[in-house]
There are 4 protein chains.
Amino acid sequence: MRERQILDAAVEVFSRHGYHSASMDEISEVAGVSKPMIYSYLGAKEDLFAKCIRREAGRLLEAVRDGLRSELPPDMQLWHGLRSFYRFVAEYRDSWTVLHRQALTVGGRFADEITMLRSRAIEVVTALVVTAGMKKGLGDRAEFSGPALAVALVGAAESLADWWLDHSEVSDGVLASWLMNLVWLGFNDLIEGSVWRPEE
Amino acid sequence: MRERQILDAAVEVFSRHGYHSASMDEISEVAGVSKPMIYSYLGAKEDLFAKCIRREAGRLLEAVRDGLRSELPPDMQLWHGLRSFYRFVAEYRDSWTVLHRQALTVGGRFADEITMLRSRAIEVVTALVVTAGMKKGLGDRAEFSGPALAVALVGAAESLADWWLDHSEVSDGVLASWLMNLVWLGFNDLIEGSVWRPEE
Amino acid sequence: MRERQILDAAVEVFSRHGYHSASMDEISEVAGVSKPMIYSYLGAKEDLFAKCIRREAGRLLEAVRDGLRSELPPDMQLWHGLRSFYRFVAEYRDSWTVLHRQALTVGGRFADEITMLRSRAIEVVTALVVTAGMKKGLGDRAEFSGPALAVALVGAAESLADWWLDHSEVSDGVLASWLMNLVWLGFNDLIEGSVWRPEE
Amino acid sequence: MRERQILDAAVEVFSRHGYHSASMDEISEVAGVSKPMIYSYLGAKEDLFAKCIRREAGRLLEAVRDGLRSELPPDMQLWHGLRSFYRFVAEYRDSWTVLHRQALTVGGRFADEITMLRSRAIEVVTALVVTAGMKKGLGDRAEFSGPALAVALVGAAESLADWWLDHSEVSDGVLASWLMNLVWLGFNDLIEGSVWRPEE
DNA sequence: CATGAATGAGAATTCATTCAT
DNA sequence: AATGAATGAATTCTCATTCAT
């Protein structure tokens with residue numbers, strides 16, 4: 001459809017130049033469609049960007065959700081989710097760039113949309129983490145905060161995703177394993193009562 | 001001094017709107033100084049932004065370095081470093097926003113500066129991590145990559161920093177502890193040979 | 001065409017105010033076209049000016065060349081050339097003003113273009129003068145320098161052109177005749193060996 | 001005096017960059033005097049330029065008048081006047097540049113001042129020419145117009161002056177002689193009734 | 001429906017010019 | 001008397017946005 005064609009072009013261009021430096025001219029050129037068409041189908045630049053964000057966010061979420069395999073135990077779910085995430089990043093670099101790099105810089109409205117997306121990802125992870133924690137009897141301990149843990153985990157995953165863009169020799173499975181090893185083992189320790197504490 | 005006054009205003013405005021949407025008019029208004037003064041003291045918009053970035057990056061680095069306490073063991077260094085980082089973020093929200101959110105969007109020159117800054121942070125962390133790993137006999141294991149670990153850790157720290165901006169009821173010490181518990185324990189496990197592995 | 005419309009306006013405005021004082025605003029107003037159109041059709045102010053200069057210089061050269069009648073003897077060629085020149089000046093006052101008055105003031109690039117144009121005119125005149133001189137046996141005499149003579153002649157012609165703008169009751173033929181009488185007769189004398197010399 | 005210092009600097013700078021591109025900053029720097037002083041002594045930029053023009057025009061006129069030697073016959077007067085003119089140009093290149101190149105481009109007021117100066121020069125020359133012509137019985141002939149002749153002569157002299165700036169190996173005396181030979185001989189022919197006429 | 005052509009509104013940047021000391 | 005510091009007022013140029021065809 002026409003709409004899709006335009007959105008594809010827009011994502012490509014926004015990813016390349018960022019929201020502000022991207023020009024409607026370039027988008028229309030890349031899309032092979034005249035500017036008035038863009039306005040008629042998708043509205044003004046801001047709307048267009050919003051629609052890009054939403055579509056890509058949807059895709060990302062869907063990809064991750066599809067990979068989760070909710071019949072497995074939490075750690076395996078997490079692992080599969082991470083792999084899906086990295087596969088998505090690898091396959092749709094532009095989408096990832098737009099979501100991660102560009103969307104935050106516009107301020108206001110988009111930052112909120114992205115925050116929302118991130119929140120949903122974090123919620124999913126939190127659920128996993130908390131489920132696992134509850135099951136093993138980890139209550140409200142000062143050394144622990146489900147949401148905060150999830151936030152950290154998501155941040156770590158994102159950061160590694162960026163790093164991966166320049167180190168694509170590593171496989172998505174290995175990348176996910178690193179993260180699991182980094183986080184999950186520590187998490188298990190916490191559950192089992194061993195805690196890191198400043199010694200001073 | 002006049003220069004400082006202007007830089008402060010610039011950081012504030014850049015932090016609020018991002019590089020592109022920030023207008024010299026608004027900066028001059030916030031600084032309480034006419035536009036020509038800005039140009040005379042700090043040059044064109046790009047220069048101004050560069051100077052903001054550099055000043056804030058310097059401050060951040062200095063703050064963290066001051067907090068490191070290199071006489072302590074690596075884990076304590078990391079913990080103190082993290083606390084300093086979070087204190088900085090708390091005290092200079094705008095600085096952090098500019099460095100973290102806005103600097104990447106201008107392209108070329110600034111992205112490089114920020115990447116450099118981040119790289120230095122990652123190097124420091126890597127050094128700590130690797131030192132600790134070496135000391136405990138962790139060689140080249142597939143489950144482990146010093147740099148990648150550092151990247152993940154930095155990402156997690158950044159992500160928590162953002163989260164913290166909306167949850168400032170937690171103290172910087174607690175925040176740092178969470179991260180230590182998340183990462184260090186898992187790290188210790190790795191060293192001791194216990195590894196997470198997908199079971200399928 | 002739109003381009004022509006704009007160039008006409010530009011020549012008019014540049015002629016009235018000179019390059020620096022002419023504002024794109026005024027040009028766009030005179031052209032009855034919005035500023036962005038100017039930029040889209042003819043580029044930035046400097047390009048616009050360059051295109052004015054080139055168009056007018058081309059017209060002038062063409063007008064003079066068309067009038068030369070190279071089948072006639074040198075003096076007649078000169079006379080016809082002069083008439084064409086004056087007719088051009090009369091018909092395109094603004095063109096002449098821009099070429100003669102304004103183009104030198106921008107510096108570098110344009111000064112060079114104009115100097116080039118003038119040089120070509122001087123070369124043509126020199127050729128005529130020298131041809132005539134050779135034919136009549138005027139060698140290398142201290143009292144004579146072909147190029148310098150041409151320079152003087154061109155200067156005289158230009159000066160008369162300016163004067164004419166305020167005395168247009170005279171016909172172009174008469175104007176050209178004056179110049180021929182002033183110069184050519186003296187030139188003939190030179191050839192025949194009669195020389196003016198300071199007597200002191 | 002302070003005033004002179006400033007005017008000297010102004011002439012230098014105006015000559016180098018032209019009226020519009022010359023900045024008050026540079027003038028004040030070259031003059032070694034602060035900008036407010038310039039304003040207090042000589043007024044705004046336009047006034048300053050006007051005063052430059054007037055001073056230099058005065059100098060030029062004076063130099064030429066001093067060289068005229070009104071006790072000699074017209075042709076010798078002319079010759080001496082020309083020599084003085086060229087000597088002035090050689091000695092005060094900047095003055096000449098400002099008067100000849102820059103003053104015309106500002107439009108309005110200054111063009112008028114320069115036109116005035118030129119008119120006075122032309123009047124002097126006209127007087128000489130007409131005197132000579134009268135004395136020799138040259139009445140009102142169609143082939144001749146005293147003022148126009150003078151205009152042409154002045155233009156030729158100016159043009160040669162410019163040429164000379166790049167060919168300074170020629171002496172001022174030779175330059176003046178060329179001009180005399182070019183013009184005066186022809187003038188004599190006219191007086192004696194030999195006339196150039198288009199033959200067609 | 002689709003577009004080439006057109007523009008309004010706004011941003012950066014630069015100076016001539018003047019206070020406040 | 002003299003100046004460093006400050007600014008108001010332009011001016012060039014760009015783009016998101018919309019007619020007219």
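The chains referred to below are lettered A, B, ... by the order of the sequence lines, with proteins before strands, and numbering in each begins at 1. Only heavy atoms go into these numbers, but all of them, side chains included; no hydrogens, no water, no symmetry mates.
Closest to the side chain of D/Met37, from the set F/dT3, E/dT3, E/dA12, is F/dT3.
In summary, A/Arg118 and A/Glu158 engage in a salt bridge, as defined by a charged side-chain N under 4.0 Å from a carboxylate O. Looking at C/Arg59 and C/Glu56, a side-chain N of the basic residue comes within less than 4.0 Å of a carboxylate O on the acidic one, giving a salt bridge.
Mapping D/Tyr41 and C/His20 onto DNA chain F via the closest heavy atom, the residue that lands nearer the 5' end is D/Tyr41.
In this structure, the CD1 atom of C/Ile38 is 13 Å from the C1' atom of E/dA6, given to the nearest Å. One can place OH of B/Tyr19 at 14 Å from P of E/dA11, the figure rounded to the nearest angstrom. Across the protein-nucleic acid pair, D/Leu42 atom CG and E/dA16 atom C1' stand 15 Å apart, rounded to whole Å.
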Under 3.5 Å, N/O pairs linking protein and nucleotides 17-21 of chain E:
from	atom 1	to	atom 2	distance (Å)
E/dT17	OP2	D/Tyr39	OH	3.0
E/dT17	OP2	D/Lys45	N	2.8
E/dT17	O5'	D/Tyr39	OH	3.4
E/dT17	O4	D/Lys35	NZ	2.6

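With a cut-off of 3.5 Å on both pairing distances, the Watson-Crick and G-U wobble pairs of DNA chain F assemble into stems of 3 or more at E:2-21 with F:2-21.
Not counting sequence neighbours, the partners of B/Arg54 by the side chain to side chain donor-acceptor pair (under 3.5 Å) test are B/Glu113.
At least one donor-acceptor pair closer than 3.5 Å links the side chain of B/Lys45 to the backbone N or O of B/Ala22.
The shortest distance between the side-chain N/O atoms of A/Arg2 and the OP1/OP2 oxygens of E/dC1 is not below 4.0 Å.
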